[in-house]
Amino acid sequence: MRVNGLSIAALICAVLIPPFGILMGHIAWSQCRREQRPGAGLALAAMIVGYTVLLVVCGLPIIYFA
């Protein structure tokens, strides 16, 4: 079986555009679980990376200017 392409795209977007990567990761994760396709791990990684990058990008200016 082939890996869900949305999982790969979600991981790439999670680094470049975190909100889109998070959204795509959630969608890909549910598709992989529902259809029993490989790629759920990539989708989970995309969500973790996306949330982490978003937290860093939003948190650093708050810490810097506080």
Side-chain angles (χ1 to χ4, degrees):
M1 290 185 96
R2 294 178 54 192
V3 175
N4 188 348
L6 190 59
S7 298
I8 298 169
L11 189 56
I12 293 169
C13 284
V15 175
L16 301 175
I17 310 167
F20 292 126
I22 293 168
L23 179 64
M24 290 170 61
H26 281 283
I27 294 169
W29 189 67
S30 67
Q31 283 180 355
C32 289
R33 290 184 47 131
R34 183 177 57 239
E35 299 170 4
Q36 297 296 318
R37 291 184 64 186
L42 283 174
L44 182 62
M47 289 187 285
I48 292 170
V49 169
Y51 281 120
T52 304
V53 170
L54 190 64
L55 181 69
V56 168
V57 167
C58 291
L60 284 181
I62 293 171
I63 292 171
Y64 180 75
F65 290 115

| said: Counting only heavy atoms from other residues, nucleotides and ligands, does the tally under 6.0 Å from CZ of Arg2 exceed 12? | reply: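 Atom CZ in Arg2 is not packed in, count stays at 12 or less.
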Examine [X] and [Y] and state if one hydrophobic cluster contains both, with Ile, Leu, Val, Met, Phe, Trp and Tyr joined whenever side-chain heavy atoms are less than 4.5 Å apart.
{"X": "Leu16", "Y": "Ile8", "value": "yes"}
{"X": "Val3", "Y": "Ile12", "value": "yes"}
{"X": "Val57", "Y": "Ile63", "value": "no"}
{"X": "Val15", "Y": "Ile22", "value": "no"}

| message | What's the separation between atom CG in Leu44 and atom NE2 in His26, rounded to the nearest 0.5 Å? | response | 9.5 Å
Taking all atoms of both residues into account, what is the closest heavy-atom pair of [X] and [Y], and its distance?
{"X": "Trp29", "Y": "Ala43", "value": "N-CB, 3.6 Å"}
{"X": "Pro18", "Y": "Val53", "value": "CG-CG1, 3.4 Å"}
{"X": "Val49", "Y": "Ala14", "value": "CG1-CB, 4.1 Å"}
{"X": "Ala10", "Y": "Gly25", "value": "CB-N, 3.5 Å"}

| request: Can you spot which of Ile27, Leu42, Asn4 makes a side-chain contact (heavy atoms from CB on, under 4.5 Å) with Cys32? | output: Asn4
| message | Exactly one of Leu55, Leu60, Val56, Leu54 should register a side-chain contact (heavy atoms from CB on, under 4.5 Å) with Cys58. Which one does? | response | Leu54
